[in-house]
**Q** 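Sending over a structure as structure tokens; questions will come in a sec.
Protein chains get the first letters and strands the later ones, always in sequence-line order, with residue 1 at the start of each.
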Protein chains: 2
Amino acid sequence: MTNTSVTTIAEKIFENLCTAIVKGEMPAGSKISEPELSMQLKVSRASLRDAIGRLEACRLVTRKANIGARVVSLSKHQLIEIYQVREALEGMAARLAAQNCTDQEIRKLRQLVEHHTREANTIDGASYFQQTGDLDFHFHIVQSSHNEHLINLLCHDLYHLMQMYRYQYGRASHRSVAATEEHRYVMNAIAEGDGEMAELLMRNHIRKSRQNIEQLLEAQS
Amino acid sequence: MTNTSVTTIAEKIFENLCTAIVKGEMPAGSKISEPELSMQLKVSRASLRDAIGRLEACRLVTRKANIGARVVSLSKHQLIEIYQVREALEGMAARLAAQNCTDQEIRKLRQLVEHHTREANTIDGASYFQQTGDLDFHFHIVQSSHNEHLINLLCHDLYHLMQMYRYQYGRASHRSVAATEEHRYVMNAIAEGDGEMAELLMRNHIRKSRQNIEQLLEAQS
DNA sequence: GACACATTTATTTGACAAATTGCAAAAGTC
DNA sequence: GACTTTTGCAATTTGTCAAATAAATGTGTC
């Protein structure tokens with residue numbers, strides 16, 4: 001999934017820190033000390049600063065001049081904002097995928113949905129599905145939109161943030177079966193080339209996910 | 001409009017290069033030499049590299065490892081891609097603005113539309129409108145969405161690119177009068193709090209802009 | 001096509017300037 | 001006299017710079 005042909009040191013550090021943040025190994029809200037971390041990783045401060053700059057660009061850390069960088073702290077409010085952005089962008093991605101995707105991409109999409117359907121009915125299915133399956137499905141549709149700008153926004157910036165929320169707030173909802181059904185509807189619309197319908201169904205799917213999350217978060221607090 | 005309380009040198013360079021690129025003073029596709037430019041601006045290479053990193057983050061330059069940075073070269077294809085992203089994001093922005101904006105923001109929006117209506121009917125109106133008026137209107141609605149993530153995406157990343165296209169491909173269409181009318185419809189939907197309608201109208205407006213651009217670009221080539 | 005050379009970028013190191021933070025002494029108020 | 005507020009200094013951290021080396025790319029020659 002991630003590009004393995006990483007060339008520069010700054011990029012390697014970026015990817016390492018990225019997964020560390022996403023997995024919560026660097027706690028949300030914690031401060032990032034440049035001298036300390038550069039010692040620890042055995043790289044120069046310059047390379048580290050470069051990497052931190054990239055993390056800032058995809059919103060995984062916030063930075064203030066002369067104060068420093070902190071791992072982003074995720075509020076419920078921000079999560080809802082991100083779902084609203086996703087609803088808009090992935091809706092468009094589904095529309096474009098219906099118009100532009102190749103036969104091979106449709107076959108691959110169908111395989112994904114079939115595989116997830118089988119998994120979602122097993123014991124650990126809910127966990128598995130939420131952790132990788134759902135994101136896989138969305139990831140593939142975005143790629144199939146063939147809109148480079150859209151792909152960058154969703155797969156480079158937002159993808160990591162979504163993963164981070166998954167790790168932090170955990171999963172465990174009863175939506176995995178319903179979600180795979182919704183995936184199937186979206187897939188069919190794309191396969192039929194019905195962009196209007198694909199966008200509508202994708203937006204409904206993401207909106208339901210958001211409402212589900214909102215309920216869970218309400219119950220927690 | 002731009003924040004004047006800029007603290008760091010890297011940020012100043014970023015803003016300077018940003019406007020230079022947008023206005024075409026640094027030609028699209030031209031290479032950026034780090035040693036040369038750092039000498040010219042009288043800053044260190046480190047600060048310049050920081051600034052170039054930010055430019056890359058908002059897609060104004062493209063960068064390849066060990067090769068260098070180039071001012072982004074705008075293709076017609078990419079312009080269309082950006083309009084598709086805008087259609088999705090600004091449609092959502094209009095919907096959220098209808099739900100969330102304050103009375104004061106509605107008054108301000110109405111003032112904008114009235115002002116643009118008067119300007120659009122003058123001789124130089126078309127030029128004025130396309131250069132600042134249209135972007136002002138969209139800018140204000142995005143702000144009124146009160147979705148920070150959406151605001152960042154549209155006003156920090158995409159805004160500069162749109163400006164750049166305006167400067168490069170020029171303006172001169174006959175859509176300024178029609179566009180202000182469409183603005184008025186969007187405004188009314190927002191004022192009435194009809195999010196569904198506001199999104200629909202905004203998307204239609206942006207789609208028509210895109211189709212108009214596509215026609216003009218077809219005619220050129 | 002292979003090889004040496006020149007150029008450019010990536011990275012490191014070390015240093016200094018500038019800003020922020022924390023703490024403690026000094027001043028003021030009740 | 002006890003408490004709060006303010007002031008000022010020291011310590012830490014970030015921002016910036018300069019110089020040098022490593023590594024990669026492109027070029028010209030054979």
**Q** With sequence neighbours excluded, what pairs up with B:Thr19 under the side-chain hydrogen bond (donor to acceptor under 3.5 Å, both in side chains) test?
**A**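 side-chain hydrogen bond (donor to acceptor under 3.5 Å, both in side chains) list for B:Thr19, sorted by chain: empty.
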
**Q** Report which part of the nucleic acid B:Ile32 touches: base, sugar-phosphate, or nothing (heavy-atom distance under 4.0 Å, all strands).
**A** sugar-phosphate

**Q** Does a side-chain N or O of A:Lys31 approach OP1 or OP2 of D:dT14 to a distance below 4.0 Å, or not?
**A** yes

**Q** Using whole Å, what does the distance between atom P of nucleotide D:dC17 and atom NZ of B:Lys42 come to?
**A** 13 Å

**Q** Expressed as a whole number of angstroms, how long is the span from A:Leu48:CG to D:dT13:P?
**A**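 Answer to the nearest Å: 14 Å.
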
**Q** Evaluate whether atom NZ of A:Lys208 has more than 12 neighbouring non-hydrogen atoms of other residues, nucleotides or ligands under 6.0 angstrom away.
**A** no

**Q** Could you tabulate the donor-acceptor pairs under 3.5 Å formed by side-chain atoms of residues 57-73 of chain B, not counting sequence neighbours?
**A**
| unit_1 | atom_1 | unit_2 | atom_2 | d |
| --- | --- | --- | --- | --- |
| B:Arg59 | NH1 | B:Ala57 | O | 3.0 |
| B:Arg70 | NH1 | B:Gly29 | O | 2.7 |

**Q** Could you run through nucleotides 19-28 of chain D and give me one letter per nucleotide, 5' to 3': B if any protein heavy atom sits under 4.0 Å from the base, S if only the sugar-phosphate is that close, - if neither?
**A** -----SS---

**Q** Using a heavy-atom cut-off of 4.0 Å to chain B, what are the terminal contacting nucleotides of DNA chain C, in 5' to 3' order?
**A**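 Contact boundaries, 5' end first: C:dT8 to C:dA10.
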
**Q** Would you mind reading off the distance between B:Ile9 atom CD1 and D:dT14 atom P, rounded to a whole angstrom?
**A**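 Going from CD1 in B:Ile9 over to P in D:dT14 covers 18 Å.
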
**Q** My understanding is that only residues two or more places apart in sequence, or in another chain, count here; which of them pass side-chain contact (heavy atoms from CB on, under 4.5 Å) with B:Ala98?
**A**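 Here the qualifying residues are B:Ile190, B:Ala198.
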
**Q** Can you name the residues that form a salt bridge (charged side-chain N to carboxylate O under 4.0 Å, His left out) with A:Glu148, not counting sequence neighbours?
**A**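 Applying salt bridge (charged side-chain N to carboxylate O under 4.0 Å, His left out) to A:Glu148 gives none.
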
**Q** My understanding is that only residues two or more places apart in sequence, or in another chain, count here; which of them pass side-chain hydrogen bond (donor to acceptor under 3.5 Å, both in side chains) with A:Gln78?
**A** A:Ser75

**Q** Using a strict heavy-atom distance below 4.0 Å, which residues from residues 49-61 of chain A are in contact with DNA chain C?
**A** none

**Q** Under the rule for side-chain contact (heavy atoms from CB on, under 4.5 Å), what residues qualify as partners of B:Leu150, not counting sequence neighbours?
**A** A:Val85, B:Leu89, B:Met92, B:Ala93, B:Leu96, B:Ser145, B:Asn147, B:Leu154

**Q** Going by side-chain hydrogen bond (donor to acceptor under 3.5 Å, both in side chains), name the residues that satisfy it together with B:Glu56, two or more places apart in sequence or in a different chain.
**A** none

**Q** List in chain and number order the residues that pass side-chain hydrogen bond (donor to acceptor under 3.5 Å, both in side chains) with B:Glu34, two or more places apart in sequence or in another chain; answer none if no residue qualifies.
**A** B:Arg45, B:Arg49

**Q** Show me the pairs that pass salt bridge (Lys or Arg N to Asp or Glu O under 4.0 Å) and involve residues 86-109 of chain A, at least two apart or across chains.
**A**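 Only A:Arg86-A:Glu90, A:Glu87-A:Arg203, A:Glu87-A:Arg207, A:Glu87-A:Arg210, A:Arg95-A:Glu196, A:Arg95-A:Glu199 qualify under salt bridge (Lys or Arg N to Asp or Glu O under 4.0 Å).
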
